[in-house]
Participant: 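There's a structure below that I have some questions on.
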Protein chains: 2
Amino acid sequence: MQRDTKQRQAIRKAFTDADRPLGPTEVLDLAGEHVDGLGQATVYRAIKAFVDEGWLVPVELPGEPARYELSDKGHHHHFRCRTCGSVFDLVGCVKGLEKLLPKGFKLEDHEILLYGLCDNCA
Amino acid sequence: MQRDTKQRQAIRKAFTDADRPLGPTEVLDLAGEHVDGLGQATVYRAIKAFVDEGWLVPVELPGEPARYELSDKGHHHHFRCRTCGSVFDLVGCVKGLEKLLPKGFKLEDHEILLYGLCDNCA
DNA sequence: ATAGATGCAAAGGGTTTGCACTTGA
DNA sequence: TCAAGTGCAAACCCTTTGCATCTAT
């Protein structure tokens, strides 16, 4: 049974307000504005709980801490701007990934990451 | 000016002998068999030097430590077996990634990761 | 009342760095 | 010779955990 604490309310709000994946530190900053003395352990535990219950999904970019976003976005991939570092959601996917598989391999999932310049930075 | 120490010789050998991406710990184990008292700092510094000089490229899988492989393999992607955890090189690529881009975005690079079962584990 | 949640601080895992010592060019 | 490279340990960053306290139910 989950409890509805003011800490988790603030953490949930950070994610619903954001339109992009958030990392634990960003969540601590955002939610910390509304909850005095919010601890990082609380943020980590809340995120873990939200992922476990399926409300959040991890967005793991190579070489940096995991970020998280709402799971109701459906299948999509991400774009990371090399100038400003922001991560954007992409719509759509590509076909033909199976043709990359060696013989005997079974494909279960995939991840596509695009890098470049975003609208603003281009 | 780079020096040809026995430590770096052993570390280079670990990469040339391996036909897969290696992480720092694996390198420490492999090269450590030939160099007594090899320190992890040495491995990290050597890898960093090899990447800087372009001999190695990082292979960063979400959620785990970076691995490294020879840069002369050309453009390719990777497959990670969910059972045994091994990482395999894939040949080929896919087209049509540009169509995922929002308007105004500029595509510079991309990464594709496939997950599933390898030949042995399937 | 009481089990879940919190905050703090300590502990972990992986990576980097400071520093004195070693060694290749 | 003498700067690059090494080994050790301490420092760092991010994340997890132990534990006493707090609080929603």
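Each chain gets a letter, A, B and so on, in the order its sequence line appears, and its residues count up from 1. Hydrogens, waters and symmetry mates play no part in the numbers below; they use all other heavy atoms, side chains included.
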Participant: Does A/Glu53 come within less than 4.0 Å of A/Lys48, counting only side-chain N to carboxylate O?
Facilitator: no
Participant: A/Arg3 has a side chain; which of C/dT6, C/dT15, D/dT23 sits nearest to it?
Facilitator: D/dT23
Participant: Taking CD from B/Glu64 and C1' from D/dC14, how many angstroms apart are they, rounded to a whole number?
Facilitator: 17 Å
Participant: Side chain of A/Ala41, heavy atoms from C-beta onward: which of D/dT17, D/dC14, C/dG18 has the nearest atom to it?
Facilitator: D/dT17
Participant: Starting from the 5' end of DNA chain D, give me the residue, A/Tyr44 or A/Asp4, whose nearest nucleotide shows up first.
Facilitator: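 Upstream on the strand: A/Tyr44.
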Participant: Kindly indicate whether the side chain of B/Arg67 and the base of C/dG14 share any N or O donor-acceptor pair separated by less than 3.5 Å?
Facilitator: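 Checked by distance alone, the answer is no.
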Participant: Within the structure, does a side-chain N or O atom of B/Arg8 lie under 4.0 Å from either OP1 or OP2 of D/dT6?
Facilitator: yes
Participant: At less than 4.0 Å, is any side-chain N or O atom of A/Thr5 found next to OP1 or OP2 of C/dT6? Yes or no.
Facilitator: yes
Participant: Ignoring backbone atoms, test whether B/Gln40 places a side-chain nitrogen or oxygen under 4.0 Å from the OP1 or OP2 oxygen of C/dT16.
Facilitator: no
Participant: Does atom NZ of B/Lys13 have more than 12 heavy-atom neighbours, drawn from other residues, nucleotides or ligands, at distances under 6.0 Å?
Facilitator: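 Incorrect, the count does not exceed 12.
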Participant: Does B/Gln2 put a side-chain nitrogen or oxygen below 4.0 Å from OP1 or OP2 of C/dG24?
Facilitator: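 Answer is no, no contact under 4.0 Å.
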Participant: Rounded to whole Å, please give me the gap between CD1 in A/Ile11 and P in C/dA5.
Facilitator: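 So the CD1-P distance, A/Ile11 to C/dA5, works out to 11 Å.
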Participant: If you find the nucleotide of DNA chain D closest to B/Gly37 and the one closest to A/Met1, which residue's nucleotide is nearer the 5' end?
Facilitator: B/Gly37
Participant: Please confirm whether the shortest side-chain N or O distance from B/Thr42 to OP1 or OP2 of D/dG7 is below 4.0 Å.
Facilitator: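 So the side-chain polar atoms of B/Thr42 do come within 4.0 Å of the phosphate oxygens OP1 or OP2 of D/dG7, strictly under.
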Participant: Identify which nucleotide among D/dG5, D/dC14, C/dC8 has an atom closest to any side-chain atom of A/Pro65, counting heavy atoms from C-beta outward.
Facilitator: D/dC14
Participant: Go through the N and O atoms of the side chain of B/Arg45 and the base of D/dG7, and report whether any donor-acceptor pair is under 3.5 Å.
Facilitator: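 Under the 3.5 Å cut-off, the side chain and the base do form a donor-acceptor pair.
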Participant: Got B/Tyr68 and B/Phe15 here, is their nearest side-chain heavy-atom distance under 4.5 Å?
Facilitator: yes
Participant: Should the pair B/Arg67-B/Glu64 be classified as a salt bridge under the 4.0 Å nitrogen-to-oxygen rule?
Facilitator: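 Salt bridge present between B/Arg67 and B/Glu64.
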Participant: What is the distance, rounded to the nearest whole Å, between atom CD of A/Gln7 and atom P of C/dC8?
Facilitator: 11 Å
